[in-house]
Visitor: 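Pasting in a structure now, in structure tokens, and then I'll have a few things to ask.
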Amino acid sequence: MKKIKDIFIEGPINPIFVAESITKHTVKTTIGGHSIFLGQIREDMIDKKKVQAIHFTAYKEMALEKAHEIREEIIAKYGLTCAHIYHSLGEIKVGEICLFVFTSAAHRKEAINACNEMVDRIKKEVPLWGKEILEDNSHTWKENKQ
Amino acid sequence: MKKIKDIFIEGPINPIFVAESITKHTVKTTIGGHSIFLGQIREDMIDKKKVQAIHFTAYKEMALEKAHEIREEIIAKYGLTCAHIYHSLGEIKVGEICLFVFTSAAHRKEAINACNEMVDRIKKEVPLWGKEILEDNSHTWKENKQ
Amino acid sequence: MKLKIFGKLADIFHGNEYDLDSENVKSVSELKVKLFEKFPELKESTFLIIVNGVKANDSKIISISSEIALLPPYSGG
Amino acid sequence: MKLKIFGKLADIFHGNEYDLDSENVKSVSELKVKLFEKFPELKESTFLIIVNGVKANDSKIISISSEIALLPPYSGG
């Protein structure tokens, strides 16, 4: 039976959590490069109103299955030593981190290309939605470019 | 007069330093994505001996000038909000981090492509040398692929 | 028949769950007919119908025990 | 004439600095002649000569006050 890792973090991703993840890889002596992507909430203007936060929800069971599949495929494709995905749920304020993708490989190109592809696939294939909370407490729904 | 930032850190780069760098960007509300590359010392085998550490030296003045130039060019090329380069000097043991490149932009593609190009250019253009210390205390000199 | 509703569709359904009268609903196409009748705005929306974790096309047979979810385009990250 | 020596060249010069007798050394090409005479292994090495922070070709004029550095291929990162 496959072991499905949880990818969800309630609230923003703390930079200390990123540091702890890096530290855990010290013992993996075949790693030569790590690539990290962090998604941060941007203060966009929508209809002349500032975005204050994005509230994320997921179709959890399906999202975990999909994230697992993406992770397995990318580890195999790039021969990675490690790969990790974390996504926030709930309300994440401007300036906070909502996505943390972390890939490690013997050589830098594999780590960097894998990270890039993983971020793309997460945005396209994982059932997650972002509700943009505007400064007057109205909202719009985030749309990812296809 | 241009202000040249120091890029050198004596000894390994601490993951806590990475976390602190991320935290500093919370106030920059135009950022949507950060891309980070970390170079870690790999336990390669050379002539049947394990690499224990790499000792880095630099032609400092020239390296700082070159790193400054790379940084300015890549910030302009990709329209980055921020870009940072840190490289270790001295002896860095297997599993420790010796290079930290950090780029931030409104959108992910710019941050990721800029980070990738910055790492490539640092390896090719910045006068730094790595002396690989083997387990019997003999050494070889690291060579970057061209 | 319980439906899970996600993303902007929750604005149409006024919530993340909807309990649909399942009379005459034995396939995804019949589900759609009923939904479009109740929520005409849905016709303007892009969404997938997921049945038991898998994307379902119109001919997919469904029952009251199916786990059904309506997913608008994803916007994570 | 003081030279700064980097990377694997330090193994040949036995250190990161070398004080060269600068008699008859008024250009990079003359510098090379003298260095190859003293350190024949250098002929097998790839390196740049940097004068006052800039890559110098053979015709570059140098003096005792020039900052001269010998750089083998870089291997940072």
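All of these numbers come straight from a predicted model, not from anything done at the bench. Each chain gets a letter, A, B and so on, in the order its sequence line appears, and its residues count up from 1.
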Visitor: Pick one of side chain, backbone, both or neither for C:Asn16, based on which atoms fall under 4.5 Å of a heavy atom in chain A.
Guide: neither
Visitor: Which answer fits C:Ile50, side chain, backbone, both or neither, if we ask what part of it has an atom under 4.5 Å from a heavy atom of chain A?
Guide: side chain
Visitor: Which atoms of A:Trp129 are under 4.5 Å from chain C, going by heavy atoms: the side chain, the backbone, both sets, or neither?
Guide: both
Visitor: Heavy-atom count check: over 12 atoms from other residues, nucleotides or ligands less than 6.0 Å from C:Glu17 CD?
Guide: no
Visitor: For A:Leu99, is it the side chain, the backbone, both, or neither that has a heavy atom closer than 4.5 Å to a heavy atom of chain C?
Guide: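 A:Leu99 touches chain C through side-chain heavy atoms alone.
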Visitor: To the nearest 0.5 Å, how far apart are CD1 in C:Ile5 and OG1 in A:Thr57?
Guide: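 Reported to 0.5 Å precision, the distance equals 12.0 Å.
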Visitor: Looking at A:Lys93, I want to see if its NZ is surrounded by more than 12 non-hydrogen atoms of other residues, nucleotides or ligands under 6.0 Å.
Guide: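 Result for NZ/A:Lys93: open.
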Visitor: Where do C:Tyr74 and A:Lys123 come nearest, in terms of heavy atoms and distance?
Guide: CB-O, 4.0 Å
Visitor: I'd like to check A:Glu61 versus C:Lys4 (side-chain heavy atoms, cut-off strictly below 4.5 Å). Are they in contact?
Guide: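 A side-chain contact under 4.5 Å exists here.
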Visitor: Could you check whether atom CG of A:Asp6 has more than 12 heavy atoms from other residues, nucleotides or ligands sitting under 6.0 Å from it?
Guide: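 Yes, enclosed.
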Visitor: Can you tell me how far apart CG (C:Leu71) and CE (A:Met62) are? Round to the nearest 0.5 Å.
Guide: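 Reported to 0.5 Å precision, the distance equals 5.5 Å.
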Visitor: Between C:Gly77 and A:His87, what is the shortest heavy-atom contact and its length?
Guide: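 Looking at all heavy atoms of both residues, the shortest contact is N-NE2, 2.8 Å.
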Visitor: Against chain C, label A:Tyr59 side chain, backbone, both or neither, depending on which of its atoms sit under 4.5 Å from a heavy atom there.
Guide: both
Visitor: Kindly give the heavy-atom pair with the smallest separation between A:Gly130 and C:Ser75, and that separation in Å.
Guide: N-OG, 3.0 Å
Visitor: Could you tell me which portion of A:Ala58 (side chain, backbone, both or neither) has an atom closer than 4.5 angstrom to a non-hydrogen atom of chain C?
Guide: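 Answer is backbone: N, CA, C or O of A:Ala58 sit under 4.5 Å from chain C.
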Visitor: May I ask you to check whether over 12 heavy atoms, not counting those of A:Lys49, lie within 6.0 Å of atom NZ?
Guide: yes
Visitor: Would you mind checking which part of A:Glu143 comes under 4.5 Å of any heavy atom in chain C, side chain (CB onward), backbone (N, CA, C, O), both or neither?
Guide: both
Visitor: Could you tell me whether A:Lys50 atom NZ has more than 12 heavy atoms of other residues or ligands within 6.0 Å of it?
Guide: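 No, not enclosed.
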